[in-house]
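If you're wondering where the values come from, they're calculated on a predicted model, not measured in any experiment. The analysis underlying the following values was restricted to heavy atoms, covering all of them including side chains, and did not include hydrogens, waters or symmetry mates.
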Amino acid sequence: MVLQTFISVVGGYQHTLALKSDGTVWAWGNNFYGQLGDGTNNNSLTPVQLSGLTGVKAISAGYLDSLVLKSDGTVWHWA
């Protein structure tokens, strides 16, 4: 197993988001409502990179949803 280096890690109800210094977001945990943001409802025990999401500078995980703030000032939300 390769260890990841994250600059920020936040926990939601049953999922976790992590931000790398390159602005990519990784997620793992329960994905029943799509809170991992990978386009599926498959749970993941290991971090999965969110495809197409770059330039992120802040992350937040809620009860059954997730949010990110991108460097261009936009906020992305999914559940």
Side-chain angles (χ1 to χ4, degrees):
M1 177 167 127
V2 177
L3 295 178
Q4 300 287 337
T5 302
F6 300 116
I7 61 170
S8 179
V9 178
V10 296
Y13 175 58
Q14 293 181 344
H15 71 293
T16 303
L17 296 180
L19 176 63
K20 291 184 77 174
S21 61
D22 64 1
T24 58
V25 177
W26 298 70
W28 64 95
N30 186 312
N31 196 31
F32 187 74
Y33 293 98
Q35 57 268 47
L36 298 187
D38 64 356
T40 74
N41 291 101
N42 300 325
N43 299 337
S44 178
L45 296 177
T46 59
V48 176
Q49 183 178 357
L50 278 67
S51 174
L53 186 59
T54 59
V56 173
K57 66 180 198 175
I59 54 177
S60 179
Y63 182 67
L64 296 172
D65 61 344
S66 302
L67 296 114
V68 300
L69 172 64
K70 295 187 63 172
S71 57
D72 64 5
T74 60
V75 175
W76 291 30
H77 172 259
W78 61 91

What's the verdict on side-chain contact (heavy atoms from CB on, under 4.5 Å) for Val25 and Trp76, showing C-alpha distance, side-chain angles and the deciding distance? CA-CA 12 Å; Val25 177; Trp76 291 30; over 6 Å; no
Using 0.5 Å steps for rounding, measure from the [atom1] atom of [X] to the [atom2] atom of [Y].
| X | Y | atom1 | atom2 | result |
| --- | --- | --- | --- | --- |
| Tyr13 | Phe32 | OH | CZ | 12.5 Å |
| Asn31 | Asn42 | CG | CG | 7.0 Å |
| His15 | Asn43 | NE2 | CG | 11.5 Å |
| Lys20 | Trp26 | NZ | CH2 | 5.0 Å |
| Leu19 | Thr24 | CG | OG1 | 7.0 Å |
| Leu67 | Gln35 | CG | CD | 12.5 Å |

Does the side chain of Trp28 come within less than 4.5 Å of Asp38's, by heavy atoms? no
Closest approach of [X] and [Y], non-hydrogen atoms and distance?
| X | Y | answer |
| --- | --- | --- |
| Asp65 | Ala79 | CB-CB, 3.7 Å |
| Ala61 | Gly12 | CB-N, 3.5 Å |
| Leu36 | Gly29 | CD1-O, 3.7 Å |

Side-chain heavy atoms under 4.5 angstrom apart, residues restricted to Ile, Leu, Val, Met, Phe, Trp, Tyr: same cluster for [X] and [Y]?
| X | Y | value |
| --- | --- | --- |
| Ile7 | Val68 | yes |
| Leu64 | Val10 | no |
| Val9 | Leu53 | no |

Exceeds 12 heavy-atom contacts within 6.0 angstrom, atom CZ of Phe6: yes
Report yes or no: does Thr54 contribute a side-chain atom to a donor-acceptor pair with the main-chain N or O of Gly23 at less than 3.5 Å? no
